[in-house]
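Notes follow once the structure below has been shown.
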Amino acid sequence: MGYLNHNQGYREGLLETRAVIKKDNYAVIVPDGLVNNVVPEFEDCDVTILGSPRLGARFVDYLVTLKDQGGNTQGFGGDGIQTFIYVVYGNINAYAGDEKYELSQGGYLYVPADQVMKFENNNNNEDSRVFLYKKRYQPLEGHKPEVVTGNVNDLKAEPYEGMKEVLVQDLLPKDIAYDMNIHILSFEPGASHGYVETHVQEHGAYVLSGRGMYNLDNEWLPVDKGDYIFMGAYAPQATYAPQATYAIGLEEPFAYIYSKDANRDIEL
Ligand code: UGY
Ligand code: MN
């Protein structure tokens, strides 16, 4: 693996990757290929930009490793841009304006578009890692999103579309004030989507645990913990949790956190 585990130099075998990029359609981005992107105002962090408008998304997703006292204390988002942070591991302090939230693994904070988010590592000089999101907010007259925080370990998981082996958590309220939501879908080994979805919404998904076979525009691709999946508007998409070549010995559910635009008509 490359920069994420700081391995340098040549590797034993051939250079190869599972990554697939189909701009404006879908992408699978694997940890091995990630590189560090220097982004102003992120101090003492390793930052990788995952989904972005350059890939065909209307949002930006990042994977950020916060080192020592690392973070973004200058401010991220605001001025029309809403933001969301989720702690993959470690402990951080995140702020909506001046309000502080202490977040540990599974903790998250949504900050509406009229405030900036700040965050800093708070893990006794050990790294913390976060999945970060921003998107321009599409306002709706008479409605205003609030700051939302919580931890997925305290959040109820509901059966997804009649399948008790597939659980969904909604991290943001189901309220029309929000123009998107963040969900976690979790598939027990052998579970699957009920159908191949084809919808106008787009997703950026980060795999938190397990493995699956993912149908993206009718290609079945293996995906693993730590992978990032972009699903563009109308890209057909469905999952089988560990099966095919992964049938044996995997007890961990296949779970990913993902964004989905919601509650708005299409602007012309
Ligand atoms: O919410 C969704 O559209 C979700 N079921 N999509 C997905 O998992 N690819
Ligand atoms: Mn979907």
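Ligands are counted one by one from 1 in listed order, and the atoms in each one are counted from 1 as well. Note that the structure is a prediction, hence the values are computed from the model and not measured.
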So which protein heavy atom does [atom] come closest to, and at what separation?
| atom | value |
| --- | --- |
| atom 1 (O) of ligand 1 | Tyr258 OH, 2.7 Å |
| atom 6 (N) of ligand 1 | Glu197 OE1, 2.9 Å |
| atom 8 (O) of ligand 1 | Tyr256 OH, 2.6 Å |

Subset of ligand 1 atoms that lie under 4.0 Å from at least one heavy atom of [X]:
| X | result |
| --- | --- |
| Tyr160 | 1 (O), 2 (C), 4 (C), 5 (N) |
| Met231 | 9 (N) |
| Leu185 | 5 (N), 8 (O) |

Centroid-centroid under 6.0 Å between [X] and [Y] rings:
| X | Y | value |
| --- | --- | --- |
| Tyr86 | Tyr110 | no |
| Phe254 | Tyr256 | yes |
| Tyr95 | Tyr101 | no |

Close approach, Tyr195 and ligand 1, non-hydrogen under 4.0 angstrom
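Distance cut 4.0 Å: Tyr195 fails for ligand 1.
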Test item, His199 contacting ligand 1 (heavy atom, 4.0 angstrom):
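Yes, His199 has heavy atoms under 4.0 Å from ligand 1.
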So Trp220 and Tyr240, would you call those rings parallel, tilted or perpendicular, with 30° and 60° as cut-offs?
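Because their plane-to-plane angle lies in the 30° to 60° range, the rings of Trp220 and Tyr240 count as tilted.
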Using the ring of each side chain (for Trp, its six-membered ring), is Phe187 parallel, tilted or perpendicular to His193, with breaks at 30° and 60°?
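Ring orientation, 0 to 90° scale: tilted.
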Could you tell me which N, O or S atom of His203 is nearest to the Mn ion (ligand 2)?
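Among the N, O or S atoms of His203, the one closest to the Mn ion (ligand 2) is NE2.
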Do you know which N/O/S atom name in Glu197 is closest to the Mn ion (ligand 2)?
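It is OE1 of Glu197.
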Record the part of [X] in heavy-atom contact with ligand 1 below 4.0 Å; permitted values are side chain, backbone, both and neither.
| X | answer |
| --- | --- |
| Tyr214 | side chain |
| Gln201 | neither |
| Thr239 | neither |
| His203 | side chain |

From OH (Tyr195) to CD (Glu161), nearest 0.5 Å:
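The distance works out to 4.0 Å.
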Please determine if [X] and [Y] form a salt bridge, counting it only when a charged side-chain N lies under 4.0 Å from a carboxylate O.
| X | Y | result |
| --- | --- | --- |
| Asp32 | Arg18 | no |
| Lys22 | Asp217 | no |
| Glu120 | Lys118 | no |

Are any of the N or O atoms of His183 closer than 3.5 Å to those of ligand 1?
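The answer is no, given that His183 and ligand 1 share no N or O pair closer than 3.5 Å.
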Within 2.8 Å of the Mn ion (ligand 2), is there any N, O or S atom belonging to Tyr258?
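Within the cut-off used here (under 2.8 Å), Tyr258 places no N, O or S atom near the Mn ion (ligand 2).
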Can you get from Leu221 to Val207 by hopping between Ile, Leu, Val, Met, Phe, Trp and Tyr side chains that sit under 4.5 Å apart?
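The answer is yes; both residues are in one hydrophobic cluster.
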